[in-house]
Amino acid sequence: MAGFPRTVMLLGSGELGKEVAIAAQRLGCSVIACDRYAGAPAMQVADKVEVLPMTDAAALLEVARRHRPDVVIPEIEALAVAALAELEEEGITVIPTARATAVTMNRDRIRDLAAQELSLRTARFAYAASAEELRRVAPDLGWPVVVKPVMSSSGKGQSVVNGPEELEAAWNAAMAGARGTSPRVIVEEFLRFDLEITLLTVKQRNGETLFCPPIGHEQAQGDYQCSWQPARLTADQLQQAQAMARTVTDNLGGAGLFGVEFFLCGDEVIFSELSPRPHDTGLVTLISQNLSEFELHIRAVLGLPIPAIRTAPAAASRVILADESMPSVTYTGLEQALKEADTQVLLFGKPNARPGRRMGVALACDTEMTAARAKADRAAACITVISG
């Protein structure tokens, strides 16, 4: 890869992309932020912006060929992945690789890779391409089951189904929440897990794979609500998670940070999902680590050294959500939220709101986890999203 400065193109410009853009700019990079709507968070800090339909291969290729970035970093799932393979063939570096992006954008492909090709322990699962097929395959997994579109983000279209009478509604919800055109769902056994974690896994170009301390998190309707680091795992659980994360990221190849999710069920560690990019639960690393997940991602992407990852004794995050639809927004309570020491608030700068949309996050650290989590919760509760 050429020397500095380098040009980075973000495909997807949400709150995670915004932090990637800032991390890249701190290292002298020029950032081109692309998304399907104007004014997306990363566009507010980028050097150049492009608004285009992200699933349109011709539009994506035109923009990339016009700018000729050194690096293309996909930040969302709903992309014309075939175009990425073309760009890669033309000498543009795609992060982590075009193949890895294609495999991980659909739950069926990453699940088949993990469970069948790599023999990782996952929840029992099946696929259905119609409501009728869903009614046929779901009972074999036992009740309840979880139904998800094979392609979606932030838990959209996900349902917990307690019996056959709820399957029709689950199918309709999955189709309504799906991204892309695949009329297919994954249905899986409902795991009664003790904890859900994200293991941020850093695949370097010229070095060993690194792991951040595990991050515990809670979800509602499949969407992250709070996270904390470090999560408590036994040495054996951590070893299992790291071994599985290394196995799957080695298969996917390339370089960058991966968010690998696991369920902890007793002593057993079960692979859940993987994102080939910084993870929303990893927003906590903006306060918990000397190098955030975004800085780690950019260093790995650019082939820069990562000498050490240091973590605070206890840190936590809590999301700030909108309650209703608003064409424009403003916020109250920021003064109260920031009164406590070692507390931060990030307001993402999204131009509008809808019920449940993530508009910001409160971060806190302390010497003890209960105190850190309570502090983050208090800060988030101070912020109210109102019509602007």
| query | So Thr281 and Thr198, side chain to side chain donor-acceptor pair (under 3.5 Å) or not? Walk me through it. | reply | CA-CA 7 Å; Thr281 62; Thr198 304; 2.8 Å; yes

Salt-bridged, [X] to [Y], with N to O below 4.0 Å?
X: Arg358; Y: Asp280; value: yes
X: Arg65; Y: Glu90; value: yes
X: Arg373; Y: Glu218; value: yes
X: Glu188; Y: Arg124; value: no

Just so I know, are the side chains of [X] and [Y] near enough to count as touching, which here means a heavy-atom distance under 4.5 Å?
X: Ile95; Y: Thr93; result: yes
X: Arg111; Y: Ile186; result: yes
X: Phe294; Y: Ile22; result: no
X: Pro69; Y: Arg6; result: no
X: Leu11; Y: Ile73; result: no
X: Lys350; Y: Val329; result: no
X: Val185; Y: Val150; result: no
X: Leu321; Y: Met359; result: no

| field | Co-members of Phe258 in a cluster of I, L, V, M, F, W and Y side chains, linked at under 4.5 Å | value |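 ILVMFWY cluster around Phe258 also holds Val103, Ile110, Leu113, Leu118, Leu120, Leu195, Ile197, Leu199, Phe211, Trp228, Leu233, Leu238, Met244, Val248, Leu252, Val260, Phe262, Leu264, Val269, Phe271, Leu274, Met369.
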
What's the spacing between [X] [atom1] and [Y] [atom2] if we round to 0.5 Å?
X: Thr285; Y: Leu296; atom1: OG1; atom2: CG; result: 7.5 Å
X: Tyr331; Y: Thr384; atom1: OH; atom2: OG1; result: 11.5 Å
X: Met54; Y: Leu79; atom1: CE; atom2: CG; result: 5.0 Å
X: Leu257; Y: Lys203; atom1: CG; atom2: NZ; result: 12.5 Å
X: Leu84; Y: Thr97; atom1: CG; atom2: OG1; result: 9.5 Å
X: Arg184; Y: Lys148; atom1: CZ; atom2: NZ; result: 14.5 Å

For the residue pair [X] and [Y], confirm or rule out a side-chain donor-acceptor distance under 3.5 Å.
X: Asn352; Y: Arg357; result: yes
X: Gln229; Y: Ser288; result: yes
X: Arg99; Y: Asn251; result: yes
X: Gln225; Y: His217; result: no
X: Asn290; Y: Glu295; result: no

Does [X] use its side chain to pair, donor to acceptor, with the backbone of [Y] at less than 3.5 Å?
X: Gln240; Y: Asp267; result: yes
X: Asp56; Y: Ala58; result: yes
X: Gln289; Y: Ser292; result: no
X: Lys375; Y: Asp366; result: no
X: Gln237; Y: Gly266; result: yes

| query | With sequence neighbours excluded, what pairs up with Glu268 under the side chain to side chain contact (heavy atoms under 4.5 Å, CB included) test? | reply |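 Side chain to side chain contact (heavy atoms under 4.5 Å, CB included) list for Glu268, sorted by chain: Arg121, Ile270.
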
Transitively linked via ILVMFWY side-chain contacts under 4.5 Å: [X] with [Y]?
X: Val284; Y: Val345; value: no
X: Val319; Y: Leu286; value: yes
X: Val20; Y: Val45; value: no
X: Met9; Y: Val49; value: no
X: Val51; Y: Val72; value: no

Could you pull out the closest heavy-atom pair between [X] and [Y], with the gap in Å?
X: Gly157; Y: Pro149; value: O-CD, 3.5 Å
X: Cys265; Y: Arg192; value: SG-O, 4.3 Å
X: Ser13; Y: Ala33; value: OG-CB, 3.3 Å
X: Leu27; Y: Ile298; value: CD1-CG2, 3.5 Å
X: Glu75; Y: Pro278; value: OE2-CD, 4.2 Å

| Can you check side chain to side chain contact (heavy atoms under 4.5 Å, CB included) on Ile92 and Glu88, steps first, answer last? | CA-CA 5 Å; Ile92 294 175; Glu88 204 168 61; over 6 Å; no

| task | Walk me through it: do Tyr224 and Ser317 pass the test side chain to side chain donor-acceptor pair (under 3.5 Å)? | result | CA-CA 10 Å; Tyr224 137 77; Ser317 73; 2.7 Å; yes

| task | For atom CD of Glu208, decide whether the heavy atoms of other residues, nucleotides or ligands shown that lie under 6.0 angstrom number more than 12. | result |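 No.
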
| query | Leu52 and Cys34: side chain to side chain contact (heavy atoms under 4.5 Å, CB included), yes or no, with the steps? | reply | CA-CA 7 Å; Leu52 68 150; Cys34 305; 3.8 Å; yes

| When Glu77 is tested against each of Arg277, Arg109, Arg107 for salt bridge (charged side-chain N to carboxylate O under 4.0 Å, His left out), which residue passes? |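 Only match with Glu77 under salt bridge (charged side-chain N to carboxylate O under 4.0 Å, His left out): Arg277.
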
| field | Intermediate values then yes/no, side chain to side chain contact (heavy atoms under 4.5 Å, CB included), Leu363 and Val361 | value | CA-CA 7 Å; Leu363 309 171; Val361 67; 4.1 Å; yes

| message | Let's go through Gln25 and Asp47 carefully: what are the C-alpha distance in whole Å and the side-chain angles of both, what is the deciding distance for side chain to side chain donor-acceptor pair (under 3.5 Å) to 0.1 Å, and is it a yes or a no? | response | CA-CA 9 Å; Gln25 288 170 329; Asp47 299 279; 3.3 Å; yes

| task | Sort and list the pairs that fulfil salt bridge (charged side-chain N to carboxylate O under 4.0 Å, His left out) and have at least one residue in residues 319-340, not counting sequence neighbours. | result |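 Matches after skipping sequence neighbours: Glu340-Arg378.
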
| said: Give me each pair satisfying side chain to side chain donor-acceptor pair (under 3.5 Å) with a member in residues 298-311, each pair once, sequence neighbours excluded. | reply: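 Sorted pair list comes back empty.
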
| Residues in ring-ring contact (aromatic ring centres under 6.0 Å, His included) contact with Phe125, at least two apart in sequence or another chain |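 Scan of Phe125 (ring-ring contact (aromatic ring centres under 6.0 Å, His included), adjacent residues dropped) gives Tyr127.
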
I'd like a table of donor-acceptor pairs (distance under 3.5 Å, sequence neighbours excluded) in which one partner is a side-chain atom from residues 129-147, with atom names and distances.
unit_1: Ser130; atom_1: OG; unit_2: Glu133; atom_2: N; d: 3.0
unit_1: Glu133; atom_1: OE1; unit_2: Ala129; atom_2: N; d: 2.7
unit_1: Arg135; atom_1: NH1; unit_2: Glu168; atom_2: OE1; d: 2.9

